[in-house]
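In this chain, numbering begins with 1 at the start of the sequence shown. Each ligand, and each atom within it, is numbered from 1 in the order the structure gives.
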Amino acid sequence: MEQSAAIIGGGVIGGGWAARFLLNGWNVRVFDPDPEAERKISEVLANARRSLPGLGNVALPAEGSLTFHDTIAEAVDGAAWIQESVPERLDLKQKVYAELQAHCAPDAVIGSSTSGFKPSQLQDGRENPGQIVVAHPFNPVYLLPLVELVTTAANPAGVIDRAKEIITAIGMYPLHLKKEIDAHVADRFLEAVWREALWLVKDGIATTEEIDNAIRYGFGIRWAQMGLFETYRVAGGEAGMKHFMAQFGPCLSWPWTKLMDVPEFTDELVDLIAGQSDEQSGQYSIRELERHRDDNLVGMMRALGANDWGAGALQNTHDRGRESEAGLVRAIDDIEDLSQPVLTQSRVVPLDWTDYNGHMTESRYLDAFAQSTDRLMMIIGCDAEYIANGGSYFTAETHIRHIDEVHAGDPIQVRTRVIMGAGKKMHLWHEMYSGERLLATGEHMLLHVDLATRRSAPPAPHIEANLVTLAEAHAALPAPEGLGRAIGAPR
Ligand SMILES: NC(=O)C1=CN([C@@H]2O[C@H](COP(=O)(O)OP(=O)(O)OC[C@H]3O[C@@H](n4cnc5c(N)ncnc54)[C@H](O)[C@@H]3O)[C@@H](O)[C@H]2O)C=CC1
Ligand SMILES: C[N+](C)(C)CC(=O)CC(=O)[O-]
């Protein structure tokens, strides 16, 4: 069913929310009095379109529609989710809530992007306080999954459940905080770190660039994959957290930091920091910096996905939930038409799959075909459980033909035929398409192995039976052009 989200305030964060909903198939209705809002959102959207669709390994749904409206009343019409992202001023937010509630559906969820206000401050004086929650995201909203969902006793369980369901459906992670507090959880850290950094610059200890290097060459990468406590548990050595606390606990009272002491924001300090920041990154426009940031985030999250860890594991779960809508199956019984090649991949080319030639790089064709082989193995029953019990397939030979180029952000699909499946042998033929365009073919010979002896061995009977079923069904199709071809001179 088509769903609509209203975006109230379409700046940095509202634009990110608009992209997140839109690219996950929602219709998006924007209200923002700024005459430049449409241009700004279209620029954020362009960055989101080049990065988000390729983040996961399964294609997103078709984009929803994006419309701009002159009044709040029009924007919230029919909206199931309303996301308020107006500037961080309580009086303004409260005025906006009064107008929202005069026009929106009583069962719509209203989420606030507020970085610091408590939900009770937003609910105060409202007729229907139960529909208002804090849904605090992180920039860029279209890539980072965290949403701090802060609720109060005024929020019925049904509203909280719906909020969690919708946030999850658009590929995000609702961290539900049941106790409200100024600045929630994550912004408390960010502010503490920022305060320390301002002191270090003001006191002439380090420049903005040196501070950024201290973060990005070290603990910043660590935090991205294990957070704070798991990282320190490991840092405690074999004795874990207890040893870590015994060793470093006393430093807290020496103290190493100036946590609560805020440097005064004099013109001199602002000029010092802004000047160093210009020197550090002034050669890039903000949009260029956003694209570098997005490329890096996609690469890091995809690396985490390969390890099924942290934000990457979350993305993998989201991908699994999208498989059937994308037409992918996990078992032979779920294939609708056995006579046709099996859809083994439906995705978008990710940013980190491209090279200096500006197109998908050669090694990624093998990567894509290998993922299709993995799915075909799962479909015939060679799944994680079977492999854990000691049986699997090894690839003995591969021949890839590159027929047409494809770029980051383009959709690709792989269709797979079983050419032969008998005894230990599995002979596969993959065809990769973008729409109707044939991009590449992959011919692969695999051997079933016993993982204990590392030698070829017959597969379990049900696997062989499934392979034979597919091979017989696919044998009725015309032989693929290029099957069995050796490397030849280009025509
Ligand atoms: N910028 C950031 O890093 C983050 C900001 N937030 C929160 O998101 C909210 C918005 O912040 P930004 O997007 O950074 O600000 P922004 O200044 O980029 O955007 C605010 C937008 O609201 C519009 N606006 C002003 N009055 C309005 C009204 N009455 N109705 C509708 N729209 C109106 C403005 O025209 C502007 O486009 C704030 O509550 C902020 O704390 C949350 C997470 C991160
Ligand atoms: C600086 N900030 C308080 C607006 C930051 C946030 O709220 C979250 C983020 O994206 O860093």
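More than 12 heavy atoms of other residues, nucleotides or ligands shown are found within 6.0 angstrom of CD on Glu288. The environment of CZ in Phe68 is crowded: more than 12 heavy-atom neighbours from other residues, nucleotides or ligands sit within 6.0 Å.
Close contacts of ligand 1 with Pro137, meaning ligand atoms under 4.0 Å from a residue heavy atom, involve 43 (C). Proximity to Asp34 (heavy-atom distance under 4.0 Å) selects the following atoms of ligand 1: 35 (O). Below 4.0 Å from some heavy atom of Val96 lie the following atoms of ligand 1, by number and element: 29 (N).
Between His292 and Tyr284, the angle of the ring planes goes over 60°, which puts this pair in the perpendicular group of the 30/60° scheme. Under the 30°/60° scheme for interplanar angles, the aromatic rings of Phe244 and Phe248 are found to be tilted.
At least one heavy atom of Pro87 sits less than 4.0 Å from an atom of ligand 1. The closest approach between Lys93 and ligand 1 falls below 4.0 Å for a heavy atom of the residue.
Between atom 9 (C) of ligand 1 and the options Ile13, Thr114, Val86, the minimum heavy-atom separation is to Val86.
Of the polar atoms of Asp32, at least one N or O is found under 3.5 Å from an N or O of ligand 1, judged by distance alone. For the pair Val12 and ligand 1, the shortest N or O to N or O distance falls below 3.5 Å.
Aromatic ring centres of Phe369 and Tyr365: separated by at least 6.0 Å.
Using a 4.0 Å cut-off between charged nitrogen and carboxylate oxygen, Asp182 and Arg188 do not count as a salt-bridge pair.
Contacts with ligand 1 closer than 4.0 Å are made by heavy atoms of both the backbone and the side chain of Phe31. Contact annotation for Glu191 and ligand 2: no heavy atom of the residue comes within less than 4.0 Å of the ligand. Under 4.0 Å from ligand 1, the heavy atoms of His136 that appear belong solely to its side chain. The proximity of Leu190 to ligand 2, defined as any non-hydrogen pair under 4.0 Å, is limited to the side chain. At a heavy-atom cutoff of 4.0 Å, ligand 1 is contacted by no atom of Ile72, backbone or side chain.
Protein heavy atoms are found inside the 4.0 Å sphere centred on atom 5 (C) of ligand 2. Counting protein heavy atoms under 4.0 angstrom from atom 15 (O) of ligand 1 gives zero.
Between the side chains of Ser434 and Asp410, no donor-acceptor pair is found at a separation under 3.5 Å.
The protein heavy-atom contact nearest to atom 10 (O) of ligand 2 is Asn139 N, 2.9 Å. Among protein heavy atoms, the minimum distance from atom 3 (C) of ligand 2 is reached at Asp187 OD2, 3.4 Å. Counting only heavy atoms of the protein, atom 19 (O) of ligand 1 lies nearest to Gly11 CA, 3.3 Å.
Checked options Asp367, Thr354, Asp355; the residue passing with Thr361 is Asp355 (criterion: side chain to side chain donor-acceptor pair (under 3.5 Å)).
Cation-pi contact between Arg347 and Trp353: present, with separation from the ring centre below 6.0 Å and deviation from the ring axis of at most 45°.
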